[in-house]
Amino acid sequence: MKLDNNQMEAENYIELISPVKIRKVQKIESNILTLNTPLTINRTEVETINKELEISTKTSTKTEKKGRLSTKHIDQDHLESKKGKIKQKRKSRTKLYLKEEDTINELKSSHLKSQISTSLASSLARPERPPKQEGNRSLDLNTNTTFTKKKKIKKHLNHKKSILASAESNKIPETIKLSSSITIQELADISNIPQEEIIKYLFLQGMIININQIIDYKTAISVAGHFGITIKNDPDDNISTIVENTIRENLKDEEIEDLELRPPIVTIMGHVDHGKTTLLDNIRHSKTKIADQEFGGITQTIGTYEIEVSYKSKPFKITFLDTPGHKAFVAMRERGVKLADIAVLVIAADDGIKPQTEEAIEYIQKAGLSLIIAVNKIDKEGADVEKIKEYLTKYNIIAEDWGGDTQIIPISAKTGKNIDKLLESISLIAEISNFQANPNKKAQGTIIESHLDKTKGAVATLIIQNGSLTVGDILYSDNIFGKIRAMTNSWQEKIEKCGPSSIVEVCGISDIASIGSQFEICTSEKEARSKAEDFIASQKSIGRNTKKSSNTKLEYGIDTTNKCLRIILKTSTQGTLESILDCINNIPQTKIQIEILTAASGEITETDIHLANSTQAQVIGFDTSYAPGAKQAAEKSQIVVQEYKVIYDVIENLEKEMISLLDPFYIEEEIGKSEIKTIFNLSKGVIAGCYINEGKLKRNCLVKIFRQHQEIYKGNLDSIKKIKEDVAELEQGQECGIFIEDFQDWQKDDQLIAFNLIEQNQNL
């Protein structure tokens, strides 16, 4: 069968090579098949068009698993109802759908190409991000993650702004006030100079210190000057003086008719073991002696006592403050002077003027207190009152019978001799001085002591300098506040109210109070809380911590090659803690440093034990107890808690521990000289034959070998032989063979000197 050319061009045709039956079928325009050779059919290269693609996260259906392609669009309303399946959608694989009207087998011929398009290959390799679909939050699987990231970024930016603001406010001041020695930590706080910079400067000046050590006033001036700060010397600018001046100013504002006489506050001062506490025991006439209750026979806290005596046939009340005499309690003695109206200086007639006596005189004269000298122990052999009077003239203290204005009263605290004269003198000075206060006002005063009680919680001892205090009053002081739940006086009696010059112990406060700080009474707990929060905020704003808080976290010392002793310190009261820390800072630390990990008043806790275990620190407990579980934790961790009752022992044992960390120190003691006469080469080494000229030789002693007056070896003498026997020691005039394993280069006429090493006592 043949067709003309026009017909062949108009339509497709098939050439028959051999007879075959032909059936007409529907033509497919999209596919063209060409027979190049008989019975051989080659298909032309085909390339699909780059059609619009879309990524779907919809889970594949059963029909899709069988190879069928879905032609339906994503139903957004349907997806909103499947929010609970987000987790399942994350696990499902994304599937690629071709969004087109025809199936793959129905591609139009105009769309056929030789190769797959580049854009399609790129789209298959990395699908484009799907467009954001508003109103369908369930499709955005990362919505929560994005929100969290934004929140974190916002928080970071706010934190950064706060840091910049803080840096802006913490500029180094031009001047600061300073009156005495200060720790590195405190100097850094008030000057806004980084601690590391201060330590670095002092290190370059030849001083190796840590942040907890105290530097003197001159050194502080040097540091401040280096950083361009001027120190203003204001010796009276301290907490106690501020408190005293504030109360005096308030008294000036009082109406004269509102003021009433108040009992005098008398501080007892003097050197340790001069009889201060024994004197108070005699005055109190109590069966329970204070001295018998004191560990080590010394006062370690400020004792407070209210005593009623007879003056002009009338009862007269006196408030006594018994200050410690040991050198460790400088702060307590100074605080006692600041709070008192009259000072009684006790001097032992057989001991005379001592360092703490001189210190007390300085404080008393500086404060301008009325002074009475009580010369104690006049009943002892060697007592010389007139000699004491003569010594006192060096300090401008002249006895009344010598033409001066100071009462010097000879007494015996043990027998009670002339105690009545002493009390009469105190009462007379109080009458003349006319000490007054307004008992109708809200109480004002100073916190003398503070500690944590197992049953009562935080407890504070207060001295009321003006006004009256009642159970139920809302007390505020620096960073603490609280409603007074109970009060006890110095006789441990519960009371409901007390007036000026009274000393009471109160409970109900929020935390351990800062000793030496002023307290006042607020109208409501809300007001007191607000003041406490404002105080804490103000301290942070100037880069200073609240003064001697109940949990004083002290940082590690400087990072040097020196050895260190780490300690965790817990005490019964804040005053004792303050004194022990002062003593520790006064221990020389050029060779061994003390690193105080934690210093606080209160019980020894499990946290303290765990910290000691992890840092290999020592736990020191001073007159305190264990919190529940702490003792068992210590036994389990094999931590030995060192418990003390006397401050002497704490400091003494700390110094011993520090010395034990030092490397042994020896001095060389020459014991003999010998000369090498001949050399023997044996299988085990070289033996030197020598003659002992002086002294002796000992096995394992230190020897030095000299050749032509130059030292060529230093080490131990390993072996001495006399003929064939090993000997431990040989005397002058004998010959022997010696062997030193580390030295074999012997020569004739070498000189050998033997030494003993004597260990020396170390010091800090």
Side-chain angles (χ1 to χ4, degrees), residues 155 158-159 161-163 165-166 168-170 173 177 186 189-190 192 237-251 253-254 438-453 456-487 496-498 500 504-553 574 600-602:
K155 184 177 180 181
N158 291 336
H159 178 64
K161 289 180 181 178
S162 67
I163 291 175
S166 176
E168 185 86 11
S169 62
N170 287 339
K177 293 181 179 181
E186 291 170 343
D189 289 342
I190 64 175
N192 290 331
D237 189 14
N238 55 58
I239 294 296
S240 299
T241 305
I242 292 171
V243 173
E244 185 181 0
N245 291 341
T246 302
I247 293 172
R248 286 178 179 174
E249 289 173 5
N250 290 341
L251 287 175
D253 297 334
E254 302 286 355
N438 183 358
N440 301 317
K441 288 194 66 175
K442 294 178 180 178
Q444 285 181 298
T446 305
I447 295 173
I448 299 176
E449 191 56 270
S450 183
H451 68 277
L452 192 65
D453 188 271
K456 299 177 184 178
V459 175
T461 302
L462 319 174
I463 182 167
I464 301 169
Q465 294 166 292
N466 191 34
S468 295
L469 188 66
T470 307
V471 172
D473 285 347
I474 309 298
L475 183 141
Y476 156 73
S477 174
D478 287 357
N479 61 322
I480 64 102
F481 65 94
K483 184 176 183 180
I484 298 175
R485 297 198 308 264
M487 290 195 303
E496 294 294 322
K497 187 176 181 179
C498 57
V504 291
E505 186 179 87
V506 301
C507 61
I509 55 179
S510 59
D511 201 352
I512 297 178
S514 301
I515 56 175
S517 61
Q518 183 183 5
F519 75 85
E520 62 183 63
I521 302 301
C522 299
T523 55
S524 67
E525 191 168 344
K526 182 178 180 181
E527 178 190 352
R529 185 191 299 272
S530 176
K531 286 186 175 183
E533 291 174 351
D534 290 344
F535 176 83
I536 295 171
S538 67
Q539 294 299 294
K540 289 181 179 178
S541 67
I542 61 175
R544 300 188 66 181
N545 297 322
T546 53
K547 181 170 61 67
K548 292 285 189 272
S549 64
S550 63
N551 191 19
T552 311
K553 298 285 185 179
Q574 279 290 94
S601 59

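We number each residue from 1, following the sequence as shown. What you see below is based on every heavy atom in this structure, not just the backbone, and it leaves out hydrogens, waters and symmetry mates. For clarity, every value in this text was computed on a predicted model and none was experimentally measured.
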| task | Say whether, by atom type as modelled, one donor and one acceptor occur between the side chain of S468 and the main chain of K441 under 3.5 angstrom. | result | no
| said: Taking the side chain as everything from C-beta on, heavy atoms only, tell me whether C498 gets closer than 4.5 Å to I464. | reply: yes
| field | Shortest non-hydrogen contact from L452 toward G602 | value | CB-CA, 4.4 Å
| Is the closest side-chain heavy-atom distance between V506 and D473 below 4.5 Å? | no
| request: Looking only at non-hydrogen atoms, find the nearest pair between E449 and I515 and report the distance. | output: CA-CG2, 3.6 Å
| remark: In short, A458 meets I509 closest at the heavy-atom pair O-CG1, 3.5 Å
| Heavy-atom distance under 4.5 Å between the side chains of K442 and E520, does that happen here? | no
| query | Of all heavy-atom pairs between A532 and F481, which one has the smallest distance, and what is that distance? | reply | CB-CD2, 3.8 Å
| Looking only at heavy atoms, what is the nearest atom pair of N438 and N466, with distance? | N-OD1, 2.8 Å
| remark: To the nearest 0.5 Å, atom CG of L469 lies from atom CG of L462 at 6.5 Å
| said: Nearest 0.5 angstrom please: N479 CG to I512 CD1, how far? | reply: 10.5 Å
| message | Set out, in order, the CA-CA distance, both residues' side-chain angles and the distance that settles side chain to side chain contact (heavy atoms under 4.5 Å, CB included) for S601 and Q574, then state yes or no. | response | CA-CA 6 Å; S601 59; Q574 279 290 94; 2.9 Å; yes
| message | Keeping S477 on the side-chain end and Q518 on the backbone end, is there a donor-acceptor pair under 3.5 Å? | response | yes
| field | side chain to side chain contact (heavy atoms under 4.5 Å, CB included) assessment of F535 paired with I480 | value | CA-CA 9 Å; F535 176 83; I480 64 102; over 6 Å; no
| field | 4.5 Å side-chain heavy-atom contact, V504 and T461 | value | no
| said: With salt bridge (charged side-chain N to carboxylate O under 4.0 Å, His left out) as the criterion, how do E527 and K531 come out once you've worked through the C-alpha distance, each side chain's angles and the decisive distance to 0.1 Å? | reply: CA-CA 6 Å; E527 178 190 352; K531 286 186 175 183; 3.5 Å; yes
| remark: Looking only at heavy atoms, the pair that brings A460 and I447 closest together is CB-CG2, 4.4 Å
